[in-house]
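One structure below.
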Amino acid sequence: MRRLLPLLFLTLAFAGCCKRGKHSDNPPSFNESDLVGAWVCTEWVSGSNAPLSNPDISFEVNTDHTSVFHPGGAEAYPLTWAINGGKLELSGYANLQECTLKKLDKKHFVWALKYDNGDQAQASFTNLLQILPGRWKSVSASLGEFDITIDASGTSTWVKGEAYPENIKWSLVFGNKKARPFIKWEGVNVDFADSFDIGDVTDDRILMTSAMPDQVTFTRQ
């Protein structure tokens, strides 16, 4: 029995190695539903250039496999898309040879781009439709401080100190002068209408500019 144990351990170790080797040969697989949303770029790296933090770039992705890529300072690209293994296949993106997905969940994705001329880039994105719902502290010079609860359905509740809660509708809108979207706010039980241009974004902090203009900071609670 003692002589069989080393053989058993060797057999199990070999089987484990074979399993890991076989698994490593499989291409990564991502869920297409995780790509649907309103994505803002948080970092863009190309060539030997220094990384760009929160550049004016966004990517709106729809359930019907249509999308629009908004590069700052250039015309938007209407695209069709599909995920094939670890590749994001984009039809309509000029001079793009290959797009590889490095990471994808409902809140974040990272892609690596390879162009026909040999240039390469890598970029990270955050999905605003996934990170906006929740509780936030809003601070700005003109509006003061509010405790805001944002619901994914397009409604929100604003509370300032001991004042009565204000119900305000919200929506994300693309197509203004910047490539990044803005949040459109519309009062329900209060005379309020404003729009906040999206600036720097992390999961727990969003910098925006109101129509006044005034800087508005959302911090997750």
Side-chain angles (χ1 to χ4, degrees), residues 30-44 52-83 88-93 96 99 101-113 121-136 138 148-158 168-186 193-211 215-220:
F30 301 101
N31 295 322
E32 288 194 332
S33 60
D34 289 346
L35 190 63
V36 174
W39 300 89
V40 292
C41 186
T42 55
E43 184 179 72
W44 189 282
L52 297 175
S53 179
N54 285 281
D56 190 22
I57 295 172
S58 64
F59 187 39
E60 52 179 319
V61 183
N62 305 311
T63 56
D64 64 356
H65 287 262
T66 63
S67 64
V68 182
F69 181 65
H70 300 268
E75 291 293 323
Y77 291 99
L79 306 169
T80 58
W81 65 274
I83 294 178
L88 175 59
E89 298 175 348
L90 298 172
S91 176
Y93 198 157
L96 181 65
C99 177
L101 286 171
K102 299 292 187 179
K103 174 181 180 179
L104 173 63
D105 55 46
K106 290 182 179 296
K107 292 184 178 181
H108 314 96
F109 86 78
V110 178
W111 69 16
L113 304 177
Q122 181 165 303
S124 302
F125 291 80
T126 296
N127 190 351
L128 287 174
L129 288 180
Q130 291 294 329
I131 69 166
L132 274 172
R135 296 179 59 205
W136 299 86
S138 172
I148 302 176
T149 301
I150 298 177
D151 190 82
S153 66
T155 61
S156 67
T157 302
W158 296 43
I168 296 174
K169 294 180 180 179
W170 70 276
S171 58
L172 275 175
V173 181
F174 289 85
N176 60 354
K177 294 180 180 179
K178 297 183 179 181
R180 296 162 86 82
F182 64 90
I183 306 176
K184 182 179 180 182
W185 305 99
E186 298 177 284
D194 205 339
S195 61
F196 293 176
D197 288 338
I198 301 295
D200 292 2
V201 173
T202 68
D203 285 7
D204 298 317
R205 191 167 181 264
I206 306 175
L207 299 182
M208 296 166 282
T209 305
S210 71
Q215 186 177 57
V216 183
T217 301
F218 275 21
T219 304
R220 192 178 300 280

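Using a 4.5 Å heavy-atom cutoff, the side chains of Asn54 and Leu207 are not in contact. Using a 4.5 Å heavy-atom cutoff, the side chains of Pro78 and Thr66 are not in contact.
Aromatic ring orientation, Trp185 versus Phe218: tilted (interplanar angle from 30° to 60°). Between Trp111 and Phe69, the ring planes lie tilted relative to each other; the angle falls in the 30° to 60° range.
Residues satisfying the side-chain hydrogen bond (donor to acceptor under 3.5 Å, both in side chains) criterion with Trp136, sequence neighbours excluded, are absent altogether. In terms of the side-chain hydrogen bond (donor to acceptor under 3.5 Å, both in side chains) criterion, residue partners of Glu32 (sequence neighbours excluded) are, by chain and number, His65. Remark: Gln122 pairs with no residue by the side-chain hydrogen bond (donor to acceptor under 3.5 Å, both in side chains) rule, at least two apart or across chains. Remark: Asp194 engages no residue in a side-chain hydrogen bond (donor to acceptor under 3.5 Å, both in side chains) (not counting sequence neighbours). With sequence neighbours excluded, no residue satisfies salt bridge (Lys or Arg N to Asp or Glu O under 4.0 Å) with Asp56. For Lys102, there are no salt bridge (Lys or Arg N to Asp or Glu O under 4.0 Å) partners two or more places apart in sequence or in a different chain. Here Ser91 pairs with Thr80 under the side chain to side chain contact (heavy atoms under 4.5 Å, CB included) rule; sequence neighbours left out. Annotation: side chain to side chain contact (heavy atoms under 4.5 Å, CB included) contacts of Ser153 (sequence neighbours excluded): Asp151, Thr155. Checked against ring-ring contact (aromatic ring centres under 6.0 Å, His included), Phe182 has no partners two or more places apart in sequence or in another chain. Listed by chain and residue number, nothing satisfies the side chain to side chain contact (heavy atoms under 4.5 Å, CB included) test with Ser53 (two or more places apart in sequence, or in another chain).
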- Message: side chain to side chain contact (heavy atoms under 4.5 Å, CB included), that's the test. Do Leu35 and Leu88 meet it? Break it down for me.
- Response: CA-CA 10 Å; Leu35 190 63; Leu88 175 59; 3.7 Å; yes

- Evaluate the side chain to side chain contact (heavy atoms under 4.5 Å, CB included) criterion for residues Gln130 and Asp105: first the C-alpha distance (whole Å), next the side-chain angles of each, then the deciding distance (0.1 Å), finally the verdict. CA-CA 10 Å; Gln130 291 294 329; Asp105 55 46; over 6 Å; no

- Item | Audit row: Tyr77, Leu90, side chain to side chain contact (heavy atoms under 4.5 Å, CB included) steps and yes/no | CA-CA 10 Å; Tyr77 291 99; Leu90 298 172; over 6 Å; no

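Residues Val36 and Val61 share a closest heavy-atom pair of CG1-O, 3.5 Å. Minimum heavy-atom separation, Pro71 to Ala179: C-CB, 4.0 Å. Here the closest heavy-atom approach between residue Ser124 and residue Val110 is recorded as OG-CG2, 3.6 Å. Considering all non-hydrogen atoms of both residues, Ile148 and Ser156 come closest at CG2-CB, 4.4 Å.
In this structure, the side chain of Thr209 does not engage the main chain of Asp197 through any donor-acceptor pair within 3.5 Å. In this structure a side-chain-to-backbone donor-acceptor pair under 3.5 Å is missing from Arg180 to Gly72.
Here the OG atom belonging to Ser171 is positioned 6.0 Å from the NZ atom belonging to Lys184, to the nearest 0.5 angstrom.
Judged as a salt bridge (Lys or Arg N to Asp or Glu O under 4.0 Å), not a single pair has a partner in residues 60-77 (not counting sequence neighbours).
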In a table with atom names and distances, give each donor-acceptor pair under 3.5 Å that connects a side chain of residues 199-206 to protein atoms at least two apart or in another chain.
from, atom 1, to, atom 2, distance (Å)
Thr202, OG1, Asp204, N, 3.4
Thr202, OG1, Arg205, N, 3.0
Thr202, OG1, Arg205, O, 3.2
Asp203, OD1, His108, NE2, 2.9
Asp203, OD2, His108, NE2, 3.0
Asp204, OD1, Arg220, NE, 3.0

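Among Phe59, Phe174, Trp81, Phe109, the single residue meeting the ring-ring contact (aromatic ring centres under 6.0 Å, His included) criterion with Trp39 is Phe109.
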